[in-house]
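Each remark here refers to the structure printed beneath this line.
As the structure lists them, so they are numbered: ligands from 1, and atoms in each ligand from 1.
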Amino acid sequence: MPTAPEQHPPNFDPLAPLYRWMEIFSFGPLLARCRFQFLAQSLPLKSVLVLGDGDGRYTQRLLQSNPQVQVTAVDGSRAMLAALQQRAAAVGATDRLTVLQRDLRSFTPDGCYDGVVTHFSLDCLQESEVEQLVARVVRTLAPGALWVVSEFAIPAGRAKAAAARAIVGALYFAFRLMTGLGTRRLPDYAAILARHGFERLGAVPRLGGLLTAELWWLATRDDFTASVRDIV
Ligand SMILES: C[S@@+](CC[C@H](N)C(=O)[O-])C[C@H]1O[C@@H](n2cnc3c(N)ncnc32)[C@H](O)[C@@H]1O
């Protein structure tokens with residue numbers, strides 16, 4: 001039985017109006033390219049859970065590019081969710097969006113999903129919290145469900161790894177000051193997803209491996225997953 005988190009979740013509210021510009025100033029278009037990497041391939045999703053959605057730039061595009069998809073977006077930040085709702089309204093898709101203000105460390109989804117999306121949000125959690133979150137989410141997933149991930153990573157090679165550790169450490173320090181984020185190191189989400197039955201279908205590294213966009217699936221052998229393999 002998972003224990004309830006003792007601390008408040010980080011407070012991203014003050015960053016909501018700035019987040020997009022902070023990202024562009026620090027990484028240019030690269031985080032956006034990670035986020036949208038697998039969107040371009042029109043994954044055949046009908047019901048998607050977006051965890052740590054943020055200001056809704058990904059979800060807006062998802063709703064726009066896939067007219068059949070229903071999205072449940074979860075975030076601890078009221079201001080981020082308000083920005084998301086505005087973006088969904090701008091593309092006339094509020095009827096296909098449910099927003100939930102929840103702490104991911106205790107969030108238990110209900111419903112049934114064929115896709116999960118975590119863009120730069122698993123890195124806000126401790127490894128044990130990611131493990132528990134994945135365990136709670138996987139119970140609600142259809143066979144062959146997809147999990148789309150964008151994350152920071154530590155690449156192979158001494159010099160690259162040292163540079164990446166310095167950058168990731170600086171980012172954690174900055175987010176601790178700005179939001180109260182307690183996490184200090186990247187969780188090994190890949191090992192966790194693999195333990196829960198996911199296989200990695202594709203991974204696209206950027207910025208020398210500091211960033212990665214990945215597509216995972218809950219391994220089964222039905223027709224749906226076969227069609228996804230063809231796309232990737
Ligand atoms: C770094 S931002 C990434 C946002 C978005 N996915 C993106 O790609 O821009 C992390 C998001 O996760 C949310 N978040 C972080 N920790 C959380 C927690 N424990 N519970 C709920 N939301 C959380 C923050 O409010 C924020 O919107």
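- A 6.0 Å sphere centred on CZ of Arg185 holds no more than 12 heavy atoms belonging to other residues, nucleotides or ligands.
- If you number the atoms of ligand 1 from 1 as listed, the ones under 4.0 Å from a heavy atom of Cys124 come out as 10 (C), 15 (C), 16 (N).
- Counting only N and O atoms by type, the side chains of Asp114 and Ser47 include no donor and acceptor under 3.5 Å apart.
- Close approach to His119 involves these atoms of ligand 1, each under 4.0 Å from a residue heavy atom: 3 (C), 5 (C), 6 (N), 7 (C), 8 (O).
- Trp147 pairs in a ring-ring contact (aromatic ring centres under 6.0 Å, His included) with only one of the listed residues (Trp217, Phe198, Tyr113), which is Phe198.
- Heavy-atom separations between Arg102 and ligand 1 include at least one value shorter than 4.0 Å.
- A donor atom on one side chain and an acceptor atom on the other are found under 3.5 Å apart for Glu214 and Thr212.
- Residue Glu23 places no N or O, backbone or side chain, under 3.5 Å from any N or O of ligand 1.
- Ligand-side atoms of ligand 1 in range of Met80: 27 (O), range being under 4.0 angstrom from any heavy atom.
- Residue, atom and distance of the protein heavy atom nearest to atom 20 (N) of ligand 1 are Leu104 N, 2.8 Å.
- In terms of N/O distances under 3.5 Å, ligand 1 is approached by Gly76.
- Considering all non-hydrogen atoms of both residues, Ala190 and Trp216 come closest at O-CH2, 3.5 Å.
- Of all protein heavy atoms, the one lying nearest to atom 25 (O) of ligand 1 is Asp75 OD1, 2.5 Å.
- Residue-to-ligand polar distances keep Ser121 apart from ligand 1: every N/O pair is separated by 3.5 Å or more.
- Residue contacts with ligand 1 leave out Phe107, since none of its heavy atoms falls under 4.0 Å from the ligand.
- Listed by atom number, the atoms of ligand 1 under 4.0 Å from Arg35 heavy atoms are 7 (C), 8 (O), 9 (O).
- Within the 4.0 Å heavy-atom criterion, neither part of Val74 lies near ligand 1.
- Nearest protein heavy-atom contact of atom 19 (N) of ligand 1 is Asp103 OD1, 3.0 Å.
- Only the side chain of Pro10 comes within 4.0 Å of ligand 1, judged by heavy-atom distances.
- Judged by distance alone, the side chains of Tyr189 and Glu131 never bring a donor and an acceptor atom under 3.5 Å apart.
- Between the side chains of Gln37 and Arg206, at least one donor-acceptor pair of N or O atoms lies under 3.5 Å.
- Residues Asp95 and Gln70 approach most closely at O-OE1, 4.0 Å, considering heavy atoms.
- Looking only at atom types and distance, the side chain of Asp13 has a donor-acceptor partner in the side chain of Ser77 under 3.5 Å away.
- At a heavy-atom distance under 4.0 Å, no atom of Phe175 approaches ligand 1.
- Taking every heavy atom of both residues into account, Ala161 and Pro155 meet most closely at CB-O, 3.4 Å.
- Among protein heavy atoms, the minimum distance from atom 5 (C) of ligand 1 is reached at Asp53 O, 3.2 Å.
- When non-hydrogen atoms are compared, ligand 1 lies under 4.0 Å from the backbone of Phe120 as well as from its side chain.
- Linking Ile, Leu, Val, Met, Phe, Trp and Tyr whenever their side-chain heavy atoms come within less than 4.5 Å puts Tyr58 and Leu84 in one cluster.
- Those atoms of ligand 1 with a heavy atom of Tyr19 less than 4.0 angstrom away are 1 (C), 2 (S), 3 (C), 9 (O).
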